Every structure is written in structure tokens, then in C-alpha cells.
Protein chains: 2
Amino acid sequence: MRDALVAAAFRLFPERGYEQTTVDDIVALAGVGRRSFFRYFPSKEDVVFPDHERCLADMTAFLYAGGDDVEPVRRVCDAARLVLLMYAENPTFSVQRYHLTKQVPGLRAYELSVVWRYERALAGYLRARFAGLRDGILRADVIAAAVVAAHNNALRAWLRSDGEGDAETTVDHALGHVREAFGTAPAPGVSGGPEDVVVIVSRRGAPLWRVVQELESALGRG
Amino acid sequence: MRDALVAAAFRLFPERGYEQTTVDDIVALAGVGRRSFFRYFPSKEDVVFPDHERCLADMTAFLYAGGDDVEPVRRVCDAARLVLLMYAENPTFSVQRYHLTKQVPGLRAYELSVVWRYERALAGYLRARFAGLRDGILRADVIAAAVVAAHNNALRAWLRSDGEGDAETTVDHALGHVREAFGTAPAPGVSGGPEDVVVIVSRRGAPLWRVVQELESALGRG
DNA sequence: GGGCGCGACGGTACTGAGTTCCGTGTCAGG
DNA sequence: CCTGACACGGAACTCAGTACCGTCGCGCCC
């Protein structure tokens with residue numbers, strides 16, 4: 001029933017556009033009553049994101065499945081990675097939806113509220129992991145936003161390639177930037193970020209010779 | 001006329017709720033025709049964010065008013081700071097709207113699309129400033145998202161205080177975290193982050209003497 | 001001064017999303 | 001055969017948003 005409605009909707013949307021397709025058109029093509037549409041989808045927009053609830057639940061489950069021994073930032077990056085892989089499971093559907101949301105303002109707004117829930121899930125996890133830390137909530141919110149932005153960047157690049165590109169490499173590269181910025185270097189050779197970049201953090205009070213020593217060591221010239 | 005409609009709307013919203021207030025109620029109280037409402041506000045939600053367009057335009061103008069000599073990340077942080085100060089100009093109105101958006105899902109979704117436009121404005125500016133840089137677009141998007149998240153964090157904290165707290169200090173502190181994470185130390189004594197930390201990023205291919213030069217300069221020992 | 005265009009406002013009627021209420025079939029178990 | 005739970009369908013309704021048109025007030029030009 002759900003699947004029949006989604007199938008009918010995505011047969012009509014490409015040919016006459018989202019806004020020009022009424023719910024009556026969809027239910028007529030699916031051969032079901034109008035009332036049944038709103039039983040399965042609270043609004044017309046929801047039919048465009050039919051598996052969003054399940055995907056969000058999967059990501060949340062993944063977050064809390066790992067123990068507290070795994071590094072938090074790495075965990076949320078892996079969660080974002082997981083979401084992108086879910087998108088990549090149905091390339092044609094994802095690309096079709098991308099073209100819809102790109103040109104229908106109403107759907108773009110709805111997509112924002114969808115993405116927002118993912119971001120809040122990530123932030124909630126990080127807030128719990130950062131509990132007690134100085135500015136833990138702020139740090140959690142900022143990192144969650146950065147992770148989502150990196151994920152979206154990679155996702156859109158992949159969608160623009162019509163699902164032909166390498167989604168994994170792209171998202172790992174993007175998330176590598178975030179982990180770099182927030183103090184968790186990607187594992188060597190994992191393909192996150194360019195491998196010829198090294199970050200040194202120093203306190204101003206430290207003696208210069210110690211900083212140079214660390215620097216040479218980090219650059220492999222010691 | 002606009003002001004009359006906004007005033008009427010915000011007299012009705014608190015007493016009977018946003019969704020229970022129809023557009024007809026608003027225009028009846030304002031003493032104008034229903035048609036005129038939609039002349040000034042494309043949708044019912046827009047009356048809740050009456051000065052959003054102006055605020056966005058002001059922020060964009062501020063971004064491009066500074067020359068290319070000012071550091072990009074600092075510039076977008078200052079732009080976010082400017083937005084928060086605009087909110088702080090009308091504390092009672094901002095707090096009232098906060099309570100509305102907090103409990104009406106439809107308004108929260110609309111607010112997301114509003115915030116999204118600010119984020120895209122910041123990202124657009126950063127993309128231009130980072131043009132030609134390796135992963136410039138990705139970096140721009142991630143930093144814009146982080147700045148917006150930090151701004152929102154500070155804004156919500158201030159709104160929860162019913163506009164009584166110190167908005168400037170809060171937002172400076174939050175944005176300091178972002179500037180720390182992305183390699184731009186906050187101005188000395190501004191209260192963002194620990195002031196004795198400096199970050200140097202180097203590519204492995206760079207000559208060591210150049211790196212040490214940058215390092216000495218950053219540490220203020222050159 | 002008298003048409004005259006123009007822009008702002010108001011009213012009517014319409015479309016379509018979303019809701020409410022209710023009738024109908026269907027299948028289980030007693 | 002009766003009955004209660006449940007899924008579906010349909011009619012009628014509310015309200016946001018749009019299209020169309022009529023009206024008023026204003027300056028402007030002949």
C-alpha cells in the first residue's frame with residue numbers, strides 16, 4: 001500500500017511536476033482512496049521521503065550501539081557515513097528525489113526539517129558524550145552541524161554525478177576535514193583528507209625549541 | 001499596514017495559539033481585507049518573521065562591505081554576531097517569537113528555511129574567498145554551518161534568559177570556539193577560548209624553514 | 001477641469017491540502 | 001451466526017493560498 005502510493009507518486013512527479021500533481025491524482029493512479037494516502041503519509045511532502053523515519057532510527061541505533069570507548073567525533077562521522085550509504089543503496093530514487101527537491105522550494109524546506117532531525121540526533125549523542133565537559137553542549141552542536149554540512153557536501157556531489165561517483169571516498173574525504181578541524185585525525189591511509197597535511201597544536205607558553213622538535217617529528221624529519 | 005498586520009497577529013497568537021488563529025482573524029482585527037494580507041506576506045508563516053529579508057540583506061551587505069584584507073572566518077563570525085545583535089534590538093518580540101517557534105512544528109520548519117538562507121549567504125561569501133583553494137567549497141560549507149550552529153547556540157541561550165542575559169558575551173564565546181577549530185585565533189582578550197593556543201597547519205611537502213617561519217610568526221617570536 | 005492611467009485595496013470564487021466523521025467490507029474467535 | 005477489531009473508502013468540512021475583477025484615490029497630461 002505504502003509502496004504502491006510511493007510508486008504512483010514517483011511516476012507522476014517527473015511528468016507533471018510535484019506541485020501540479022494533486023493527492024487525488026496519486027490515489028487515483030494507485031487505485032486507493034484519498035483517505036488512505038493520509039493514513040500512511042501525514043502530508044504530501046512525506047511521500048517524497050518515505051524511508052526517512054526508518055533511516056533516522058537506524059542511525060540513532062548505530063550511534064548508541066557502540067560503547068563509550070569509541071571516540072565520539074569518529075562515531076558521529078561514521079554515523080553520517082552510514083546515512084550516505086543508505087542513500088547510495090537506491091541511486092536512481094535518490095537522484096530522482098534530488099532533482100525534485102532542487103527545484104521545488106516547498107520540498108527543499110521540508111528536506112531541511114528532515115536533515116535537522118539527523119543533526120539533532122547527532123548533537124544529542126555528542127551532548128551526552130560531552131556531558132560535564134566545559135562548553136560540552138556548544139561543542140556538540142557545532143560538531144554536529146559541521147558533520148552534517150560535510151555529509152551534505154559529499155552527498156550533493158554524489159547526487160550531481162547521477163549516482164555514478166564514488167560515494168564512500170567522497171564522504172570520507174569530507175568528514176576527514178571535520179575530524180581534522182576538531183582534533184581527531186583520520187586514521188592513516190584511510191583516505192580521509194590529504195595525507196600530506198599535519199596539524200601541530202602548541203600552547204603559546206611552550207618553549208620554541210620544544211615546538212620545533214614536535215614539528216620536525218610530526219613532519220618525519222626528526 | 002505591514003506593521004498593523006504584524007501587531008494584530010502578535011496580539012492574537014499568544015491568546016489562542018498560532019494554528020488556531022486564522023488569517024481571517026488577523027485581517028479582521030487589523031481592519032483590512034484578506035487579500036491585502038497576502039500582498040505583504042507570501043504566507044501565514046512570514047508574518048512571524050517580518051524583518052527577515054531586511055536582516056538577511058543587511059548581513060550580506062556587511063559581508064561584502066569589508067575588503068579582502070580581513071580574514072574570512074573572522075568576517076563571517078562578525079556577520080553572525082551582527083545578526084544576533086539585530087535580534088537583541090527587539091528583545092520582547094524575539095522572545096515572543098521564540099516561544100511560538102518552540103511549540104509549533106510548522107513554524108520551526110519555517111525557521112529552518114530562514115536560517116538556511118543565512119547559512120547559504122555565509123557559505124557563498126566563504127566560497128568566493130576560498131576560491132582556488134584545495135577543498136575550498138567544502139571548507140566554506142563546513143565553516144558556515146559551524147558558525148550558524150554556534151550563533152544559534154548563543155541565541156537560544158539568550159532567548160531562554162528572556163532577553164535578560166548578555167547576548168554579546170555569549171555569542172563571542174561561542175564563535176570563539178569556531179574560530180579556534182578552524183585556525184583563526186580570537187582577538188586577544190575577547191573571551192573566546194584559551195588564549196595561549198595557536199594552530200599551525202602545514203603540508204608535508206613544504207620546506208621546513210618556511211614552516212618554522214610561520215610558526216615563529218604565529219607565536220609572536222619572529 | 002475632465003478624462004486617464006496607475007497603483008493600492010477589497011471582495012468573490014476557486015483549488016487543493018489536511019481533518020473529521022461515518023459507512024462498509026473482512027476476518028478472527030466464540 | 002454473531003460480534004468486535006481493523007483497514008479502507010467516501011462525503012463534507014476548514015483553511016491557506018490564488019486568480020480575477022471591481023473600486024477608490026492619486027497625480028498627470030491634454
Side-chain angles (χ1 to χ4, degrees), chain A residues 1-54 97 100-101 103-114 117, chain B residues 1-54 97 100-101 103-114 117:
Chain A
M1 170 72 69
R2 261 183 74 94
D3 299 345
L5 285 167
V6 173
F10 275 83
R11 270 184 54 195
L12 291 174
F13 289 158
E15 66 186 34
R16 65 175 91 171
Y18 174 80
E19 289 174 313
Q20 276 62 44
T21 306
T22 71
V23 175
D24 294 284
D25 296 335
I26 298 173
V27 297
L29 181 59
V32 301
R34 169 183 168 80
R35 186 64 187 82
S36 295
F37 181 92
F38 291 102
R39 250 189 275 273
Y40 288 95
F41 303 100
S43 78
K44 184 184 169 189
E45 285 111 335
D46 284 293
V47 82
V48 183
F49 304 86
D51 46 5
H52 156 236
E53 292 294 339
R54 185 188 54 75
R97 170 167 58 194
L100 271 181
T101 56
Q103 63 193 20
V104 180
L107 284 182
R108 202 166 48 208
Y110 190 82
E111 189 184 32
L112 288 175
S113 71
V114 168
R117 293 188 57 189
Chain B
M1 169 72 68
R2 262 183 74 94
D3 298 344
L5 285 168
V6 173
F10 274 82
R11 268 184 56 195
L12 292 173
F13 290 158
E15 68 186 32
R16 65 175 92 171
Y18 173 79
E19 290 173 314
Q20 278 62 44
T21 306
T22 70
V23 175
D24 293 285
D25 295 335
I26 299 173
V27 297
L29 181 59
V32 301
R34 168 184 168 77
R35 187 67 187 80
S36 294
F37 180 91
F38 291 103
R39 251 189 273 274
Y40 288 95
F41 303 100
S43 77
K44 185 184 169 188
E45 286 111 336
D46 284 293
V47 83
V48 182
F49 304 86
D51 46 5
H52 156 237
E53 293 293 340
R54 187 188 51 76
R97 170 166 58 193
L100 270 182
T101 56
Q103 63 193 18
V104 180
L107 284 181
R108 202 167 48 209
Y110 190 82
E111 189 184 32
L112 287 175
S113 72
V114 168
R117 293 187 58 187

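Chain A is the first sequence line, chain B the second, and so forth, proteins listed ahead of strands; every chain is numbered from 1. Just so it is clear, the model here is predicted, and its values are computed rather than measured.
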Is there, by distance only and without an angle test, a donor paired with an acceptor across the side chain of R39(B) and the base of dG7(C) below 3.5 Å? no
Measure CD1/I26(B) against P/dC15(D) and give the value in whole Å, please. 12 Å
F37(A) near the nucleic acid: base, sugar-phosphate alone, or nothing, with a heavy-atom cut-off under 4.0 Å? nothing
Which listed nucleotide (dA16(D), dA17(C), dG18(C)) is nearest to the side chain of T22(A)? dA17(C)
Nearest to side-chain heavy atoms of V23(B), which nucleotide of dG18(C), dA17(C), dA16(D): dA16(D)
Nucleotide of dA17(C), dC9(C), dA16(D) approaching M1(B) most closely (side-chain heavy atoms): dC9(C)
Spacing of E19(B) atom CD relative to dA16(D) atom P, expressed in whole Å: 10 Å
Give the rounded distance in Å between these two atoms: CZ of F38(A) and C1' of dC8(D). 15 Å
Taken to the nearest whole Å, CD/Q20(A) to C1'/dA17(C) is 15 Å
Below 4.0 angstrom, N of the basic side chain to O of the carboxylate: do R117(B) and E53(B) qualify? yes
Measure the distance from CZ on R35(B) to C1' on dA13(C) and round it to the nearest whole Å. 13 Å
Nearest 0.5 Å please: distance from the CG atom of L107(B) over to the CD atom of E19(B). 7.5 Å
Can you find an N or O donor on one side and an acceptor on the other, under 3.5 Å apart, linking the side chain of R34(A) with the base of dG18(C)? yes
Determine: side-chain N/O of Y40(A) to OP1/OP2 of dA7(D), distance under 4.0 Å, yes or no. no
Is the phosphate of dG10(C) approached by S36(B) (side-chain N or O, under 4.0 Å from OP1 or OP2)? yes
How many Å lie between CG on L107(B) and P on dA16(D), as a whole number? 12 Å
Roughly how many Å is it from CZ in R2(B) to C1' in dC9(C), rounded to a whole number? 17 Å
Flag this pair as yes if the NZ/CZ of K44(B) is under 6.0 angstrom from the six-membered ring centre of Y18(B) and inside a 45 degree cone about the axis; otherwise no. yes
In F10(A), Y110(A), F41(A), the residue satisfying ring pair (Phe, Tyr, Trp, His ring centres under 6.0 Å) with F49(A) is Y110(A)
